[in-house]
Amino acid sequence: MASKTGSTPATYSPSPATHKKKRIPIADWVCPDNRGFYQCRPAYLRTGAVSTAAGSAYAEFGNTKVIVSVFGPRESKKAMMYSDTGRLNCDVDVFAVVLESGGSDLPVVISCASLALADAGILLYDLFASVSVSCLGKDLVIDPISEEESYNDGSLMITCMPSRNQVTQLIVDGEWSTPKIHDAMELCLGACSKLGKVMRSCLKDVVTDLKE
Amino acid sequence: MAAANDSSDLSSEMEVDAFRRVVQTYICILAAGAVASADGSALAKIGSTTMLAAIKMEVMTPTVECPDEGSIAIEFHMPPICSPLVRPRPADVASVISKQLSDTILSSGMIDIKELCLVGGKAAWMAYLDIYCLDADGALFDAALLSAVAAFSHLNIPVVSLNDDGQIVLVSEDTVQLKLEKEPVNKEKRKLKLNSLPFSLTCILNKNYILADPTAEEESIMETVVTVVLDSSYQLVSLYKPGGPVLGHTSGIQDCVALARHRVKELQNVLNEAISDMEID
């Protein structure tokens, strides 16, 4: 029977996950994939995921899967403005799609976007890497999965340019004490520099493959 | 206007690299576990065109006229990552393909919606099929249909039971051992029984040539497109020719159908391989 036009019937999901969230004893928390609290998920990064884009990248960190494509430089609407010197106004469009959300989505999208921009050949000051940390009671968990994020008391996300040692973005929310924030930032910056190295080697591999 | 009809040798009229595209289909389980992102999913890649199909099952109350039937809602999305043409203007072709897919899948008889019934008159499955185009490089309908068919082949219907409030609830693995008094409503039916699977081939027509499986560049210069959908027993499911300056002479259309038959064989092999790979895991 063809789909009925007009009313879409109300539906509900049979899964009980939307009901009350039982509070697990934080002290006994063990990450489902047996990671230590200060261990990030293994990162799989590839450029050139989308053939129609100027540059693109695919990132898979555990269950979080993201594709980012970059189009540009393209002509900008600001080209209409009068100027008595010649001017070329360009826009670069960056689009991201989260294929599967497994926790810590925004940091993964940001790191993937950095690779996509590099793949498109856009001039950058540096690659940028992003990592987030969740505060679960007394413990800090780096690169949390969605379950850990839903139980957290606070979260902190840092985006930084590892080679220049500059932080470009810092988002903090929830409950934090000053010493905890310091520890969390140290953790993030350490992880960002390691992630920066992984991203560089991913880009280098593409070039060495081309040379062969 | 000499259509490609007189010579019986198709290869002289066919573009040389008509079938040179490598067809890769993966049926991948994107989320593991019973309470997961998708109940059935598949990634299909034909040449560079990439489609991701995902099915989410929800429970609905069937209508009064058809108390034994579930429903399928099909939607095709083209997010801006897939092509530079999608922004600033959203792609008009997305809604056309969405309707085309919906009509083809529902009329092909692949799925008997009576199978989606859980409790007659009270509860039935609503399957939301969403297809995302990740890379738009021509012949979007073919890849989208292939990914939809693969997603339905992979679909695992969650085991549910009726709880005391009369609501359908998911039965998760740990409760299966404990609460055996709540009998699962659909313990046996975990996979959909699929009848003839539809496969399609898009061709573009020129005065003298038929170009099968065009890329985006090829589609942009030719305006006459024909899509033939056949099922696994080579019966015609749908023929779609939306205008265009080249008229559809019978012989031209027959050649397209013949090309589509070759394609159906290829795609069936690819799909079977992908399903058996998944079952090994």
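In what follows, chains are A, B, ... by sequence order, proteins preceding strands, each numbered from 1. Nothing here was measured: the structure is a model prediction, and the numbers come from that model.
- Ranked by heavy-atom pairs under 4.5 Å with chain A, the list B:Ala136, B:Ser83, B:Pro79 is led by B:Ser83.
- Within a 6.0 Å radius of CG in A:Leu123, other residues, nucleotides and ligands contribute 12 heavy atoms or fewer.
- Nearest heavy atoms, A:Phe95 versus B:Ile81: O-CG2, 3.2 Å.
- Distance CG/B:Leu134 to CG/A:Leu99: 5.5 Å, rounded to 0.5 Å.
- Counted by atom type alone, A:Thr52 and B:Asp135 present one or more donor-acceptor pairs between their side chains at under 3.5 Å.
- For A:Ala54, no part lies under 4.5 angstrom from a heavy atom of chain B.
- Between chain A and the residues B:Cys82, B:Pro80, B:Pro62, B:Gly109, the largest count of heavy-atom pairs under 4.5 Å involves B:Pro80.
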